[in-house]
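So that the names make sense, note that chain A is the first sequence line, chain B the second, and so on, each numbered from 1.
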Protein chains: 2
Amino acid sequence: MKTGNDFSNTFSVAVLRGDVLSVDCPAREILKHMTSRWGGLVLVILQGGVHRFSELRHKIGGISEKMLSQTLQRLEFDGLIKRKSLPVVPPHVEYSLTPLGEEAAEHLKNMIDWIETKLPQILLWRRSQLDTQADD
Amino acid sequence: MKTGNDFSNTFSVAVLRGDVLSVDCPAREILKHMTSRWGGLVLVILQGGVHRFSELRHKIGGISEKMLSQTLQRLEFDGLIKRKSLPVVPPHVEYSLTPLGEEAAEHLKNMIDWIETKLPQILLWRRSQLDTQADD
DNA sequence: CGGTATCCTGACCGATACTG
DNA sequence: CAGTATCGGTCAGGATACCG
């Protein structure tokens with residue numbers, strides 16, 4: 001397996017609570033996985049229930065198989081999603097959220113909902129700034 | 001000004017609500033800014049009140065001046081933070097959250113708090129997976 | 001102090017081809 | 001169907017030097 005992932009540098013010390021502001025805290029890594037380009041989208045979609053690989057790929061506009069695979073592996077490694085491979089041919093693999101993943105997805109969903117709601121307002125603000133630039 | 005930013009492709013059409021799953025929706029861009037490597041951390045720190053450039057730089061472990069500057073500019077452009085430059089010498093610049101930014105920061109904070117809390121559990125799970133691998 | 005400009009590297013990511 | 005392997009391009013982002 002060599003797709004760019006490297007789980008070897010997982011912390012071995014006991015940690016009571018993470019601190020994202022610290023350079024070396026593994027919490028940064030979790031945050032990175034959850035907020036990576038595709039990570040959040042995958043989690044939010046899985047809130048809708050179990051999905052197969054190809055279902056995820058089609059729901060997420062623009063994702064490549066490679067990145068979907070990589071994203072799923074990282075989130076599985078973090079314990080946020082569960083992979084269930086049915087021993088049939090052709091292969092049938094199902095992805096779902098773990099309890100931990102449900103919580104993670106909920107946070108992401110709230111944020112994404114907020115963004116989608118506020119988008120018009122933000123776009124308006126952006127334009128007004130560009131216009132003001134021109135006025136000066 | 002040429003630090004890698006390019007705000008020119010801002011959408012001009014009216015949008016009632018964003019859709020992060022669409023390839024071309026600008027909501028993806030906002031999400032990207034908020035969840036970029038440094039964006040979320042800046043927003044959460046600014047929840048604690050007004051900060052100067054150097055204060056932010058010192059609180060966030062590992063950030064470079066360039067990335068802090070770039071991050072601040074993008075978030076300002078999105079209307080999430082406000083930049084106030086005092087006309088004194090030596091320069092004094094204050095960054096704070098806009099009302100919109102407060103909301104954004106709240107979402108991020110919830111998520112980061114959750115991660116920091118669950119970190120031990122996740123780390124444990126990760127290790128158990130690696131151990132199981134060895135057993136097989 | 002609060003930035004920019006410039007250069008540069010490696011990680012991210014997409015395209016394609018291939019496999020169990 | 002559900003991936004992996006490989007290649008190559010783009011771009012985020014770090015280091016350094018410089019400026020108002």
Side-chain angles (χ1 to χ4, degrees), chain A residues 1-9 23-24 28-29 31-42 46 50-77 81-96, chain B residues 1-9 23-24 28-29 31-42 46 50-77 81-96:
Chain A
M1 185 188 73
K2 216 39 169 123
T3 36
N5 280 332
D6 179 11
F7 300 141
S8 56
N9 63 345
V23 203
D24 289 331
R28 282 233 179 133
E29 205 184 338
L31 180 61
K32 186 174 164 187
H33 292 170
M34 282 177 58
T35 62
S36 70
R37 181 161 180 197
W38 308 113
L41 303 184
V42 166
L46 287 182
V50 176
H51 281 71
R52 301 181 60 174
F53 188 88
S54 49
E55 290 173 337
L56 289 170
R57 195 160 68 78
H58 286 114
K59 282 202 184 177
I60 306 178
I63 195 171
S64 66
E65 295 190 351
K66 175 182 155 187
M67 289 319 297
L68 179 54
S69 169
Q70 204 172 110
T71 301
L72 289 168
Q73 281 180 35
R74 299 202 299 199
L75 294 176
E76 186 192 3
F77 182 66
I81 70 178
K82 191 178 55 179
R83 190 190 114 112
K84 185 175 177 182
S85 175
L86 275 28
V88 297
V89 37
H92 183 113
V93 180
E94 294 180 341
Y95 292 94
S96 57
Chain B
M1 185 189 75
K2 212 59 169 101
T3 34
N5 280 330
D6 180 10
F7 301 139
S8 57
N9 64 344
V23 202
D24 290 329
R28 281 231 179 134
E29 206 184 336
L31 181 61
K32 186 174 163 186
H33 292 171
M34 282 177 57
T35 62
S36 70
R37 179 158 181 199
W38 308 113
L41 303 185
V42 167
L46 287 183
V50 177
H51 280 70
R52 300 180 62 171
F53 188 87
S54 48
E55 290 173 337
L56 289 170
R57 197 161 67 77
H58 286 113
K59 283 202 185 178
I60 306 177
I63 195 171
S64 65
E65 294 190 352
K66 174 183 158 187
M67 291 317 298
L68 178 54
S69 169
Q70 203 172 111
T71 302
L72 290 168
Q73 282 179 34
R74 299 203 300 201
L75 294 177
E76 185 190 6
F77 183 66
I81 72 180
K82 193 177 57 178
R83 191 190 116 112
K84 185 174 177 181
S85 174
L86 275 26
V88 297
V89 37
H92 185 115
V93 181
E94 296 181 340
Y95 292 95
S96 57

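- Residue A:Arg57 places none of its side-chain N or O atoms closer than 4.0 Å to OP1 or OP2 of D:dA2.
- Residue A:Gln73 has a polar side-chain atom (N or O) positioned under 4.0 Å from OP1 or OP2 of D:dT4.
- Dashed line: the shortest gap from a side-chain N or O of B:Tyr95 to OP1 or OP2 of C:dC1 is not under 4.0 Å.
- A:Ile63 places its CD1 atom 12 Å from the P atom of D:dG3, with the value rounded to the nearest Å.
- Distance, A:Glu29 CD to C:dA11 C1': 14 Å, rounded to whole Å.
- At D:dA2, one or more side-chain N or O atoms of A:Arg52 fall inside 4.0 Å of OP1 or OP2 (strictly under the cut-off).
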Mind running side-chain contact (heavy atoms from CB on, under 4.5 Å) on B:Thr71 and B:His33 for me, showing each step along the way? CA-CA 8 Å; B:Thr71 302; B:His33 292 171; over 6 Å; no

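- Positionally, the nearest nucleotide of DNA chain C for A:Gly62 lies more toward the 5' end than for the other of A:Pro90 and A:Gly62.
- Taking only side-chain atoms of A:Ser69, from C-beta outward, the nucleotide of D:dG3, D:dC1, C:dG2 with the closest atom is D:dG3.
- Taking 4.0 angstrom as the limit, B:Lys84 places none of its side-chain polar atoms (N or O) nearer than this to OP1 or OP2 of C:dG2.
- Closest approach of A:Val23 to B:Gly62, counting heavy atoms only: CG2-N, 4.0 Å.
- Between B:His51 atom NE2 and C:dG3 atom P the separation is 15 Å, expressed in whole Å.
- As a whole-Å value, the separation of A:Leu68 CG from C:dG14 P is 11 Å.
- B:Glu65 has a carboxylate O that lies under 4.0 Å from a charged side-chain N of B:Arg57, or vice versa, which qualifies the two as a salt bridge.
- Closest heavy-atom contact between B:Arg52 and B:Pro91: NH2-O, 3.5 Å.
- For the pair A:Gln70 CD and C:dG14 C1', the interatomic distance rounds to 12 Å; values are reported in whole Å.
- Salt-bridge annotation for A:Glu76 and A:Lys82: absent, with no side-chain N of the basic residue lying under 4.0 Å from a carboxylate O of the acidic one.
- Within the structure, a side-chain polar atom (N or O) of B:Arg37 is placed less than 4.0 Å from OP1 or OP2 of D:dG14.
- The shortest distance between side-chain heavy atoms of B:Leu68 and B:Trp38 does not fall below 4.5 Å.
- Residue B:Ser54 places none of its side-chain N or O atoms closer than 4.0 Å to OP1 or OP2 of C:dC1.
- For the pair B:Glu94 CD and C:dC1 P, the interatomic distance rounds to 15 Å; values are reported in whole Å.
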Report, as a single string ordered 5' to 3', how protein heavy atoms within less than 4.0 Å touch nucleotides 15-20 of chain D: B base, S sugar-phosphate only, - not at all. B----B

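- Shown here for B:Tyr95 and B:Ile81, the closest heavy-atom pair between the two residues is CD2-CD1, 4.2 Å.
- For the pair A:Glu55 and A:His51, the tightest heavy-atom approach, listed with the atom from each and the gap, is OE1-CA, 3.2 Å.
- Straight-line distance from the NE2 atom of A:His58 to the C1' atom of D:dA2: 12 Å, rounded to whole Å.
- The nearest whole Å value for the distance from the CE atom in A:Met67 to the P atom in C:dA15 is 12 Å.
- Comparing C:dC1, C:dG3, D:dA2 by their closest approach to the side chain of B:Arg83 singles out C:dG3.
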